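This report refers to the structure that appears directly beneath it.
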Amino acid sequence: QVQLVESGGGLVQPGGSLRLSCAASGSIFRLNAMGWYRQAPGKERELVARIFSGGSPSYADSVKGRFTISRDYAKNAAYLQMNSLRPEDTAVYYCYAGDRSSVYWGQGTQVTVSS
């Protein structure tokens with residue numbers, strides 16, 4: 001079993017930055033993907049970013065050039081650096097991790113971008 005704990009959400013002004021963290025614990029040895037989905041009111045769940053072990057990261061078109069996902073394998077963690085934040089980035093961000101047989105979810109963290 002894998003447990004994911006998210007942190008780093010908050011309230012920022014447009015153009016500001018936040019860094020989300022996702023720390024994995026438990027049976028983390030087989031994890032090959034980590035990333036974030038986000039869910040905004042009235043909108044479909046959106047895959048924001050993901051990164052595979054040994055692979056290139058990928059991003060939703062809406063965040064390309066602004067967000068960067070990375071992993072720290074020694075710390076069993078993933079990070080989502082979010083720059084140039086826009087009000088439309090406001091959502092609950094859910095970290096996920098997968099080991100090809102299961103998907104695990106973090107508790108979610110609220111990101112609010114407002115003037």
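Keep in mind the model is a prediction, meaning the values are calculated, not measured.
Atom SG in Cys22 sits 14.5 Å away from atom OH in Tyr93 (nearest 0.5 Å). The CD atom of Gln3 sits 12.0 Å away from the CD atom of Gln107 when rounded to the nearest 0.5 Å. Between the CD1 atom in Ile69 and the CD1 atom in Ile51 there is a gap of 6.0 Å [rounded to 0.5 Å]. Between atom CG of residue Leu20 and atom CE of residue Met82 there is a gap of 3.5 Å, rounded to the nearest 0.5 Å. In this structure, OG on Ser56 lies 11.5 Å from CZ on Arg50, to the nearest 0.5 angstrom.
Considering every non-hydrogen atom in both Arg71 and Ser53, the closest pair reads NH1-OG, 3.3 Å. Across Val63 and Val48, no two heavy atoms sit closer than the pair CG2-O, 3.6 Å.
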Under 3.5 Å, which donor-acceptor pairs do the side chains of residues 4-14 form with other protein atoms, sequence neighbours left out?
from	atom 1	to	atom 2	distance (Å)
Glu6	OE1	Trp36	NE1	3.2
Glu6	OE1	Cys95	N	3.1
Glu6	OE2	Cys95	N	2.8
Glu6	OE2	Gly108	N	2.9

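For Thr90 (side chain) and Val113 (main-chain N/O), a donor-acceptor pair under 3.5 Å exists by modelled atom type. Between the side chain of Arg66 and the backbone N or O of Ser84, at least one donor-acceptor pair lies under 3.5 Å. Put simply, the side chain of Tyr94 never gets that close to the backbone of Gln39: no donor and acceptor are under 3.5 Å apart.
With hydrophobic clusters built from ILVMFWY side chains whose heavy atoms lie under 4.5 angstrom apart, Tyr37 does not share a cluster with Tyr79.
Applying the disulfide bond (SG atoms under 2.5 Å apart) test to residues at least two apart or on different chains, none of the pairs has a partner in residues 44-84.
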CA sep, side-chain torsions, deciding dist, call: Ser62, Arg86, side chain to side chain donor-acceptor pair (under 3.5 Å): CA-CA 10 Å; Ser62 58; Arg86 304 166 180 169; over 6 Å; no

